[in-house]
Amino acid sequence: MGRGRASNAYGSTKATIEEMLENLYTSDKEWTISLLRYFNPVGAHETGLIGENPNGIPNNLMPYIQKVAKGEIKELSVFGNDYNTKDGTGVRDYIHVTDLAVGHTKALEKILTPGVYIHNLGTGKGYSVLDIIKTFEKVNNVKIPYKIAPRRPGDLAEFYADPTKAKKELDWEAKRDIEDMCRDSWNFIKNV
Ligand code: UDP
């Protein structure tokens, strides 16, 4: 699988770490290394008991929406509505954290011989910022005030996974949809 060029500094750190682990395997072929490429993890455990509540002003979309829904932040800034996407806002592959956790257990079960294995953990479906706002409002019956703001430097218009290799080799695919992700995100955060 080609690594290509990372499109921003964060992506480049991830590519470097993958390369270091590949070098480790090259130097000692007893290693069994699984590189799981996460797309955009969101949501919380469906019980509402385990989730993420970052301190301060979040950088990522879902934690920001959660704080706006709670009334802790007045409004969301949508970073650009002039991308070449279906509604002009950025498109990402959001994946429920529980599906991501299951992906790890599948990798541990299936990868049994030394080597370096690379898999994408995403749903393969892209949703725009406006899709997420609308879905969050609909499933949770809350309002997310927002304004259109300038693009954020380093952002891509669209980024989503091809998860077919993970399905084939790990017998894994994401089962939870965007409504589950929005519902579980709110279910956790509304009580903390
Ligand atoms: N985004 C946004 N407002 C925010 C945070 C994010 O419009 O306050 C957009 C961002 O431009 C991107 C998408 O939401 O299109 C996902 O951003 P996030 O930071 O969550 O993930 P990443 O950029 O790493 O894919």
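In listed order, ligands and their atoms are each counted from 1.
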* Structure fact -> Quick look: Ala149 vs ligand 1, heavy-atom contacts under 4.0 Å, and the answer is neither
* Among all protein heavy atoms, pick the one closest to atom 25 (O) of ligand 1 and tell me residue, atom and distance. => Arg92 NE, 2.7 Å
* Checking Lys29 against Tyr25: charged group under 6.0 Å from the ring centre and within 45 degrees of the axis? -> yes
* **Test side chain to side chain contact (heavy atoms under 4.5 Å, CB included) applied to Glu179 and Thr135, step by step** => CA-CA 6 Å; Glu179 296 199 351; Thr135 309; 3.9 Å; yes
* **Check: His119 ring centroid to Tyr38 ring centroid under 6.0 Å** => no
* Asked: So which heavy atom in the protein is nearest atom 11 (O) of ligand 1, and how far is it from that ligand atom?
  -> Asp155 OD2, 2.6 Å
* So, for Tyr127 and Tyr160, is the gap between ring centers shorter than 6.0 Å? -> no
* Region of Arg152 engaging ligand 1 - heavy atom pairs below 4.0 Å -> side chain
* To do: Considering only non-hydrogen protein atoms, determine which one is nearest to atom 24 (O) of ligand 1 and report residue, atom name and distance to 0.1 Å.
  => Asn40 ND2, 4.2 Å
* **Heavy-atom nearest neighbour in the protein, as seen from atom 18 (P) of ligand 1, with distance rounded to 0.1 Å** => Asn60 ND2, 3.5 Å
* Selected option - heavy-atom contact closest to atom 14 (O) of ligand 1, from Val129, Val78, Ile133, Leu156 -> Val129
* Side chains of Val68 and Pro145: closer than 4.5 Å at any heavy-atom pair? -> yes
* Structure fact -> So for Leu61 against ligand 1, with non-hydrogen atoms under 4.0 Å, the contacting part is both
* To do: Could you please spell out the steps behind the side chain to side chain contact (heavy atoms under 4.5 Å, CB included) verdict for Thr113 and Thr32?
  => CA-CA 6 Å; Thr113 48; Thr32 305; over 6 Å; no
* **Sub-4.0 Å atoms of ligand 1 with respect to non-hydrogen atoms of Ser77** => 2 (C), 3 (N), 4 (C), 7 (O), 8 (O)
* **Shortest heavy-atom approach to atom 4 (C) of ligand 1 - which of Phe79, Phe39, Tyr146** => Phe79
* Structure fact -> Of Tyr94, Tyr83, Phe159, Tyr127, the residue with the heavy atom nearest atom 13 (C) of ligand 1 is Tyr94
* **ligand 1-proximal atoms of Asn59, by part, heavy-atom distance under 4.0 Å** => backbone
* Does a side-chain heavy-atom distance below 4.5 Å link Tyr146 with Val129? -> no
* Relative to the heavy atoms of Gly90, which atoms of ligand 1 are at a distance of less than 4.0 Å? -> 15 (O)
